[in-house]
Amino acid sequence: GFLENVITHPLFLEGKCDTSFIDNHPELFQIRVKKDRANKLLRFIGHTVVNGYPGITEERALRFRDLREAEAPEMHYDTPRPRGTRDILREKGPEGLARWAMKEKKLLLTDTTMRDAHQSLMATRFRTFDLDRIAEATSVLGGGLFSLEMWGGATFDVSMRFLKEDPWERLDRLREKIPNVLFQMLLRGSNAVGYTNYPDNVVQNFVAEATRGGIDVFRVFDSLNWTKGMRVAMDAVLDNGAVCEAAMCYTGDILDLKRDKYPLKYYVDLAKELEKMGAHILGIKDMAGLLKPFAAEKLVKALKQEIGIPIHLHTHDTSSNGGAMLLVAAQAGVDIVDTALSSVSGLTAQPNMNALLAALEGTIWDPKLDQDGLQLLANYWETVRTYYAPFESELRSGTAQVYFHEIPGGQYSNYKPQVEGLGLGHRWEECKLMYRKVNDMFGDVIKVTPSSKIVGDMAMFMVQNNLEPEDVYERGEELTFPQGVVDFFKGMIGQPVGGFPKDLQKIILKDEKPLTCRPGELLEPVDFKARKTELEAKVDHPVKDRDVLSAALYPVVWEEFDAHRQDFGDTSVLPTPVFFYGLEIGDELNIDIEPGKTLIVRLNAVGGLQKDGSRNIYFELNGEPRQVTVQDLS
Ligand code: 3PY
Ligand code: ZN
């Protein structure tokens with residue numbers, strides 16, 4: 001209309017008219033944007049009020065309704081941050097940091113609360129909102145930690161797919177508030193933060209961008225311990241001047257002489273190879289919690305003799321032997337261990353940090369951290385955890401069964417809903433046992449994302465179709481296997497230790513020829529510039545380089561996430577209970593959409609179902625009535 005005529009007028013565009021009124025009053029532009037943004041958020045809340053959040057049933061939402069009142073303690077620290085490990089990295093560089101870690105007598109601790117703990121307990125659902133609110137306090141009270149594992153693994157995918165928030169923004173927001181402690185991420189080698197091999201330049205660009213975003217330590221692993229699959233990622237980390245923690249995945253049992261595919265020597269040789277490849281730190285990634293206390297003693301002692309870099313031990317407490325294992329490992333000389341704040345520790349997550357601190361107090365391994373402060377952080381998460389109750393795995397106690405089924409902690413809380421999703425909930429026990437049978441059929445493989453997913457998918461496929469291993473060998477020719485399983489036997493995620501079982505490979509691949517080279521060698525590099533142009537044309541708005549990366553990793557997920565942002569704006573500003581459970585009639589809520597800008601929202605009424613399947617939702621926004629219309633999907 002009129003405004004458009006003005007702003008497209010040649011004199012206006014050339015700046016030949018007096019626009020100082022506009023220039024000096026930027027608020028002229030803000031009003032519309034703000035109004036639009038508020039409306040989008042109201043539409044999202046309305047949508048959640050009417051349709052709920054995917055995966056949370058109405059009964060469950062009702063059960064958790066009261067939790068909305070649970071307020072997390074307000075923490076605000078303007079005090080300067082204590083000098084932390086990130087300051088050491090800045091001064092000494094990655095090698096210097098590693099030497100420092102080796103020399104420290106005290107046990108160094110990583111806190112996994114912001115990544116693996118919630119990945120393993122509640123399907124990776126912690127939102128940036130809750131992480132952000134405790135970030136400053138974590139920087140101060142957790143200032144003596146070795147690192148915070150807060151990114152990577154499944155967080156990248158889940159934040160876009162389910163939480164509708166940008167993983168890169170999470171990184172930015174936490175980094176701004178936590179400048180002093182090392183940020184650590186989990187990187188799945190050639191699979192980056194996905195479930196499939198990516199072209200080399202995707203992995204390289206991802207590592208470069210993550211480093212720019214503030215990741216200091218990359219824990220790189222390969223899901224088959226295939227070092228060829230780690231090379232590109234490790235080199236990218238080294239080239240970017242970040243800390244390269246190369247991890248070997250632990251499976252089997254080095255104490256069990258009958259189970260001899262992965263004996264002590266296997267791990268020692270692998271560790272030496274990773275050190276030679278340039279690792280600054282050796283990670284032991286005990287993703288299922290199979291490393292028993294006295295096996296840890298044997299392993300750590302042997303490694304300490306054979307390698308000259310610090311050892312960082314990661315485990316899951318599924319058996320409930322995790323705490324004991326870490327104590328024995330500390331005695332054996334491990335340098336750094338992963339733990340989680342007490343309220344989100346144990347079970348399929350990491351062992352309890354606060355308890356470990358108490359146990360080590362006064363010993364030569366005493367990490368000498370702020371125990372009272374870390375208790376406050378744990379208290380915060382105790383409250384916040386309740387918001388995520390619908391995603392809990394419902395495992396109520398440690399279980400020694402993990403030594404049998406070997407399901408990784410990070411997979412456990414996902415595998416169960418997947419099994420239920422296929423209508424196999426009543427056959428859960430069978431699905432766990434089948435997981436082990438599939439492992440044995442596959443030749444006793446390392447099971448960690450993505451190889452663990454393939455084993456899980458095959459196990460569900462077999463239970464669903466009432467197949468036992470002998471049926472697969474006998475009738476395999478006529479079966480159509482899950483695509484992931486076929487790709488695995490094709491070599492698309494690399495080569496397992498000792499190769500594939502040839503007979504099964506033939507049954508599954510039928511006439512297809514398997515690869516023996518690195519899959520990344522065959523994948524065309526992504527032309528990021530062209531991708532950007534294509535994406536912008538497709539979504540019809542400018543996108544950032546980070547978006548292009550996200551889309552290269554998760555094309556469909558990114559587009560759906562982007563569509564959500566276009567429809568509803570940035571919903572990461574909503575408190576978690578509102579995001580998941582909506583509002584009740586009469587509820588009032590403050591939403592800080594940016595520093596200093598707060599919307600006060602009240603839900604007044606939900607209108608009846610209209611002919612076109614929509615409902616009007618009546619809000620009050622900053623005291624003014626506001627109405628939005630949403631589709632009722634029921
Ligand atoms: C992941 O790859 O996300 C894992 O946590 C594997 O243990
Ligand atoms: Zn883990």
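Order of listing sets the numbers, starting from 1, for every ligand and every atom in it.
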statement: Of all protein heavy atoms, the one nearest atom 4 (C) of ligand 1 is L186 CD2, 3.4 Å

- prompt: Taking the non-hydrogen atoms of K285, is any one of them nearer than 4.0 angstrom to ligand 1?
  reply: yes

- prompt: Are side-chain heavy atoms of V337 and T339 found at a separation under 4.5 Å?
  reply: yes

- request: Could you tell me whether D444 and R436 make a salt bridge, using a distance below 4.0 angstrom between a side-chain N and a carboxylate O?
  value: no

field: Where ligand 1 meets A154 - atom numbers and elements under 4.0 angstrom, heavy-atom basis
entry: 3 (O)

task: Take the Zn ion (ligand 2) as the vertex and measure to NE2 of H314 and NE2 of H316; round to 10°.
output: 100°

- prompt: Against heavy atoms of V448, which atoms of ligand 1 measure under 4.0 Å?
  reply: 6 (C), 7 (O)

message: Under 4.0 Å between a side-chain nitrogen and a carboxylate oxygen: does that hold for R188 and D222?
response: no

task: Between M287, R115, R219, flag the one that comes closest to atom 5 (O) of ligand 1 by a heavy atom.
output: R115

- prompt: Near G153, which atoms of ligand 1 are under 4.0 Å from a heavy atom of that residue?
  reply: 3 (O)

- request: With F580 as reference, evaluate F391, F126, Y387 under the ring pair (Phe, Tyr, Trp, His ring centres under 6.0 Å) test and give the passing residue.
  value: F391

query: Heavy atom under 4.0 Å from ligand 1: found in R188's side chain, backbone, both, or neither?
result: side chain

- request: Answer yes or no: is there an ion pair linking E169 with R173, defined by an N-O contact shorter than 4.0 Å?
  value: no

message: Among the N/O/S atoms of D116, which is closest to the Zn ion (ligand 2)? Give the atom name.
response: OD2

- prompt: Between F221 and ligand 1, which part of the residue brings a heavy atom under 4.0 Å of the ligand: side chain, backbone, both or neither?
  reply: side chain

Criterion salt bridge (Lys or Arg N to Asp or Glu O under 4.0 Å) against D338, the qualifying member of K285, R219, R115: R219

Row check, Y266 ring normal vs K261 NZ/CZ: under 6.0 Å, within 45°: no

